[in-house]
A.B. asks: 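The structure is given below, and queries will be raised subsequently.
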Amino acid sequence: MTKRPTLAVMKFASCDGCQLTLLDAEDELLAVAEAVHISHFAEASSRLEPGPYDVALVEGSITTPEDRHRLLKLRAESKFLVTIGACATAGGVQALRNFADHQEFMRSVYARPDYIETLATSTPISSHVKVDFELRGCPIDKHQLLEVIASLVAGHRPRTSTESVCQPCKRRGTVCVVVARRVPCLGPVTQAGCGSICPAYDRGCYGCFGPSHQPNLPSMTQRLVSNGMDTADSALFLQSFNTYSPAFSHESQRLWQIAGRPQKLHPSLMTVEHSHSSQMEADHD
Amino acid sequence: MITTQDNPKIVANPWLSHSVVIDAIQQEIESVATYQMRFVDSHVAQGYRFQPGQFNMLYIPGCGESAISHSGPPSLDGNKIVHTIRFVGRVTDAIAKLRVGDRLGVRGPFGTAWPMDRCKGRDVIVVAGGIGLAPLRPALYSFMENRDDFGRVVLLYGSRSPELLLYAEELESWKERGIEIQVTVDRATESWQGAVGVVPLLLDRLAGLKPNFTEVVMCGPEVMMHYSALSAIKRNIPKESIWLSIERNMQCAVGLCGHCQLGPVFVCRQGPVFRYDAIENLLKVRDF
Amino acid sequence: MYYLDRIKLQEVFDDLSSREYELVGPRVEQEAIVYDQIERVEDLPKGWTDEQSPGQYRLKRRDDEALFGYVIGPHSWKKYMFPPLVNVLSSRRDADGWKMQDEPVEPKKFALIGARACELAAIAVQDRVFMSDAYVDPIYAKRREGLFIVAVNCTQAASTCFCTSMGTGPRCQSNFDLALTELPNGFVVEVGSPAGQDIVDRLGFRRASAAECQSAESCRQVAVTQITRKVETEGIRDKLLSRLEHPRWDNVAERCLSCANCTLVCPTCFCSSVDDVTDLTNDEVLRQRRWDSCFNFDFSHISGGPIRNQTRSRYRQWLTHKMASWIDQFGTSGCVGCGRCITWCPVGIDLTQEIAAICTDVDES
Amino acid sequence: MIDSNDAQRKIHVPILTRVEGEGSLLVKIDGNVVRDVQLAIYEPPRLFEAMLRGRPFDDVADFTARICGICPIAYQMTAVQALENAMGVSVSPEIRKLRRLMYCGEWIESHVLHMHLLHAPDFFSCDSGIELARRFPDEVKRGLRMKKFGNRLLEVLGGRAIHPVNLAVGGYYRLPRREELAALIPDFEWALQAAIETAKWVAQFPFPDFQVNYDYVALSHPDEYAIIDGRVICSDGMDIAIEDYEQHFVEEQVPHSTALQSHRIPGRRPYFVGPLARVNLSRHQLSPSAQRVADEIGWETPCHNPYKGIVARALEVIHAFEEGLEILRSYRPTGEARTKFEVCEGHGTSVTEAPRGLIYHRYHTGADGKIIFAKIVPPTSQNQAQIESDLHRMLPGILSSEDDKIALQCERLIRNYDPCISCSTHFLKLRIERS
Ligand SMILES: Cc1cc2nc3c(=O)[nH]c(=O)nc-3n(C[C@H](O)[C@H](O)[C@H](O)COP(=O)(O)OP(=O)(O)OC[C@H]3O[C@@H](n4cnc5c(N)ncnc54)[C@H](O)[C@@H]3O)c2cc1C
Ligand code: SF4
Ligand code: SF4
Ligand code: SF4
């Protein structure tokens, strides 16, 4: 076998749950430590080695100028960068601020918001640097994480399914909660990966793996509404852990418009495409 | 034409792959290489036969399978399996990392073959685009090995640019063995002396064509095949004499998984080689 | 025709269990009637029925104690012969390289309790798909071989049923060992195979009286009269295949979520994919087959991207396959009229309406 | 990273490791005097309280779980209970039992993780649990296995171990089936013995001599080892109802940190929450095996050595497996998974014992069931002031050491508290400035 790849686990704004997923792989953890060289994983080890890294697993979203700089450095040091989880992939639940009055948000939590340097937005890693692979989920799924690690160890390009949550739901024999009980469920427009847990626990999927490929959100939300949810609540339903994913963000804004309470996206994000692409170019020089 | 449908029932695990070992690797052009492999189990090797146009499923455990056509002489058994592979994604990139002596899995052969019997005694126009020359090479070898059984054999071959011409050195020797060859490229380089333009143009201009004594066999991008078929028809070649090999997603290769459907046909079983009139209408439907 | 007293149904169950059949049948779970392991008559959905319409299913109480007084639910029997997830190959790497090994196909003997006419037809369709061409799916074949089928004739129908259009029901015609028609205190039993006859003889069923046969017939007739949904099957193949650019495909694509529920609940859909599951060092690999669906974006993927890159083309693939190209491929329709895809579509798309809209003559070809 | 020159010595520990979340520590030393100790939590603020306003009440458990991936149950449980209090919902005794069981799962998962992978390495100068596993393979593997069973319990009860999905206001979305829980019994039987062995193992660790008479604060319940309800008590005699929490504790913002710090009022006194506080206050209510092992290892009560928090954790792990086992054995699904209730306007609070200590939530719901106001006080913000005070106490004694040794000592001390920094809705780096 060739040299073990070096692995770094890095964190930005997040709850630590996605990196914990690695520590929660109790049966595989010691094997992972054999298969890869863990060179930076602050949550698990005091030995923090500098880059370059073969693989960086990145958790969390970018919410402070300092984090943005840390990320740029990490990208420069990493060959293959994988975002793990909804925060890194879509901005996380904290991206709700992108649609709100940030100053007011800060004031409601901190008496002296001026002590804290923070961006008014929470943006995914891909808004700042090139991302090589995304692992969805809030939190990510252990099996998917191990699959990605195994693929990278073997030198294969990782791959995860893009099917909808409904498919594992049906394969595990769960009775559809929408059809049998009129429970609101985002399964049909959400990417699979979690194992379709929620419907198996008698509740609707809340979309923590983010939008599926080509989701038909207008049809989905029309169904939510015809099944009794009001338009504003349907918008809120899409605005959780992947609120800033393009598909959910776009549809929730449309719904707020209909509900007569249009939300304002933070001005800096209006041009995000711009800064995004120029950023990627900068990184590739 | 042989289809697996004509065979007696096979109640064996269709997924069972056999170990092969790589004996030689020849880098052809950028991102394309030819592999020569042999079944590790000598019984399997001796019992293995294929027809030009048929394909194997190559398997890298832990990564996946890819459908790859035979590109070697059809006289060979399972001690010398030849595949020319373009590296385009997960599985083929993993194949690219293999070295002589490494092992992988192979199951096959699957699918229909080029109409070699029908070609006997007739002229044959071989139309190839890019990597599409690989699946046609076994047929070309057959023509050369049994040169007297066939009439005029013309190869019309196009690629995007001169560096991307597959089997460039071999082409010269084929000429010596009685194959007329015309080559065209989409984009010429300074040193390029040959034709520039798309393959169908070569067919439009081909001299001495005897429409009723000709079979056309083609493989390449679907658009290229579409226009080449139109050119052939314009030149009065009957649809029943036009053959093409097409690509679809394949998982099982034996008609059980559903992936390769093109309307009513299973490409793995009734194809990949089809007579043009059998799928003409299907290919015209966008996204079908 | 024989007659089986309701209290003696358990004897049939016990007899089958004693001959190593795993009994699977209807039971109430997750607010629906699903198919799962059963042991006793008490496990059956006594006194329950279902009410179905596009995108909606409700479990309801009956005013009697019927055991089979429901129509069909979200599950289909295909999960037993064509498991949702199954290992097909294992590979192991040693110093020499890879060794691939067959995954042993476990022989399974299932007794299906309560299969309906449309479901028997669906099993026949899958028999054709999996066992009648050059390559036979060994997993399906092994599990199919071991089946014992206790069918039940429908005595009511759901609003979503259209078996009469598809010529598959509601009366069970063949493909069963025993077929029951439920009466208030027992069942009129029809024998469909030597194995069925054997059990009748062994347990000493008595002959059914003419009156019993008569009331069974009138119960079955109720189902026939309740079926209102229709598909015009005359010429359907040509009609659909000549309307591949019909505007209705765009219209349905606006509603369809491409979620694949319809294909997974369908008792005849057979598409699958295989994937590898590995250990971390990639030395032990299991190849697994899972139910897949033509509604998946990746389903038709080739290196240049998916062939069917839009919901419009995926829905079209599904419907034309079911109703048209299936006929070319297997000599039968791929639809048996069970209506599951109508009920279990989260947005209530009804294929009978789509067919009607597409096949009524706006001939654009 | 160490920069020293004669005039001024600065020590940074840019990232405090083996804690969940990220933070840093700045120590300013003037000659031989410790001028300032600042535990800076620079976990980027995620503003949960603000995000919750205007959301349907059912979102709260799902959202607050995302504050911390290590102890999501603590957040979820406190949230649903506070909301139940706000809307006047009571849950059945069966549900309450299941909730204690679920919390046991989180204690196990979190404690065992901290003990084996984060804390124990300190006692053997290892960098990580993985390195420790080379030295103590059997012990670490045993720990991982116990942790797995804690997680498995969470998976059964919650669908997954991190951000589980099953807890609801009024109970659960779905009750587990009896077989699902019963299947865990053999594993828990093994784990109870394993936990006992583990406690005996950690009890022999080389503990530094460091004694502080803290104000221990924890929940207390008349009939059981308090986890999800009871009264808030302190070793100094304070005994208050949960509703009165905010009258006795105040959260303050400090310039150097994004986490708020809690103090007791009056007097701005720091206080100590977590396993050590709980065991000190309620040892007599630990499960029989936990009490027996405490006796066997000669555990003194109260114990004033924060380094021995790892032993308190070990005792609680025994308790959690033992109580868990009892519930697993007796469980029969009965009644509704979720009590029916009317959504209404109301104010409600709840306190529970997160693995690392007291956690407090307060909500105001509107008549439409939307959240009008939310307040969350996580354990780490409560211990933060105490940690700073400990450092003040420890530093003068070790000032003569090399800076990197000091840094190491400080980090060790902080790790005693198992600070979960992401949950201070909030990151640690150590910097020592000498002038
Ligand atoms: C009958 C047949 C013969 C072929 N012969 C050759 C050949 O001789 N030489 C050659 O280089 N290529 C050939 N191909 C194409 C080759 O199969 C694909 O390029 C290859 O499967 C791509 O797989 P990948 O994992 O590297 O790419 P990815 O894009 O990563 O593919 C992902 C998955 O999609 C599927 N897939 C992708 N592309 C195709 C495709 N074109 N056909 C079927 N499934 C696909 C596979 O399941 C693959 O595992 C042939 C295809 C067919 C159908
Ligand atoms: S419950 Fe949700 S995820 Fe499952 S099939 Fe229904 S809509 Fe899809
Ligand atoms: S297509 Fe629909 S109605 Fe027809 S068999 Fe399938 S699920 Fe039943
Ligand atoms: S027809 Fe209905 S069930 Fe089928 S993919 Fe479309 S939305 Fe899903």
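Note: hydrogens, waters and symmetry copies are ignored here, and every other heavy atom, side chains too, is used. A, B, ... follow the sequence lines: proteins, then strands. Residue 1 opens every chain.
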A.B. asks: Is it the case that the side chains of C:Ser273 and B:His259 hold a donor-acceptor pair, with the cut-off being a distance below 3.5 Å and no angle test?
C.D. replies: yes
A.B. asks: State, without any angle test, whether B:Tyr35 and B:Asp23 hold a side-chain donor-acceptor pair at a distance under 3.5 Å.
C.D. replies: no
A.B. asks: Sort C:Phe330 into side chain, backbone, both or neither according to what part of it lies under 4.5 angstrom from a heavy atom of chain B.
C.D. replies: side chain
A.B. asks: Below 4.5 Å, heavy-atom pairs only: which of B:Thr92, B:Val254, B:Leu104 has the largest tally toward chain C?
C.D. replies: B:Val254
A.B. asks: Can you spot which of B:Leu283, B:Leu282, B:Asn281 makes a side-chain contact (heavy atoms from CB on, under 4.5 Å) with B:Phe288?
C.D. replies: B:Leu282
A.B. asks: When only pairs under 4.5 Å are counted, which of B:Pro14, B:Ser17, B:Gly89, B:Gly105 shares the most heavy-atom pairs with chain C?
C.D. replies: B:Ser17
A.B. asks: What part of C:Glu103 gets closer than 4.5 Å to chain B, counting heavy atoms only: side chain, backbone, both or neither?
C.D. replies: backbone
A.B. asks: Could you verify whether a donor N or O on one side chain and an acceptor N or O on the other, from B:Asn56 and B:His70, lie under 3.5 Å apart?
C.D. replies: yes
A.B. asks: When only pairs under 4.5 Å are counted, which of B:Gly101, B:Gly62, B:Gly258 shares the most heavy-atom pairs with chain C?
C.D. replies: B:Gly62
A.B. asks: Consider only side-chain N and O atoms of C:Gln329 and C:His321, and report whether a donor and an acceptor are under 3.5 Å apart.
C.D. replies: yes
A.B. asks: Between C:Gln288 and C:Asp275, is there a side-chain donor-acceptor contact under 3.5 Å, judged purely by atom types and distance?
C.D. replies: no
A.B. asks: Taking side chain as C-beta onward, heavy atoms only, is C:Cys271 less than 4.5 Å from C:Ser293?
C.D. replies: no
A.B. asks: Between B:Tyr59 and chain C, with a heavy-atom cut-off of 4.5 Å, which part of the residue counts as in contact: side chain, backbone, both or neither?
C.D. replies: side chain
A.B. asks: Which answer fits C:Arg92, side chain, backbone, both or neither, if we ask what part of it has an atom under 4.5 Å from a heavy atom of chain B?
C.D. replies: neither
A.B. asks: Give, as side chain, backbone, both or neither, the part of B:Ile60 having an atom under 4.5 angstrom from any heavy atom of chain C.
C.D. replies: backbone
A.B. asks: Which of these, C:Cys269, C:Ser333, C:Cys294, sits in a side-chain contact (heavy atoms from CB on, under 4.5 Å) with C:Lys322?
C.D. replies: C:Cys269
A.B. asks: Report the residue from C:Asp250, C:Leu351, C:Thr320 that forms a side-chain contact (heavy atoms from CB on, under 4.5 Å) with C:Tyr315.
C.D. replies: C:Leu351
A.B. asks: Pick whichever of C:Arg308, C:Arg287, C:His301, C:Gln317 has the most heavy-atom pairs under 4.5 Å with chain B.
C.D. replies: C:Arg287
A.B. asks: Side chain, backbone, both or neither: which part of C:Val274 has a heavy atom under 4.5 Å from chain B?
C.D. replies: both
A.B. asks: Checking C:Thr278 against chain B: side chain, backbone, both or neither under 4.5 Å from a heavy atom?
C.D. replies: side chain
A.B. asks: Chain C: which of B:Arg86, B:Glu247, B:Glu65 shares the most heavy-atom pairs with it under 4.5 Å?
C.D. replies: B:Glu65
A.B. asks: Of the backbone (N, CA, C, O) and the side chain (C-beta and beyond), which part of C:Asp102 lies under 4.5 Å from a heavy atom of chain B, both, or neither?
C.D. replies: both
A.B. asks: So, C:Thr281 and C:Asp283: side-chain donor and acceptor under 3.5 Å apart, yes or no?
C.D. replies: yes
A.B. asks: Using non-hydrogen atoms only, which part of B:Cys63 is less than 4.5 Å away from chain C: side chain, backbone, both, or neither?
C.D. replies: backbone
A.B. asks: What part of C:Asp298 gets closer than 4.5 Å to chain B, counting heavy atoms only: side chain, backbone, both or neither?
C.D. replies: backbone
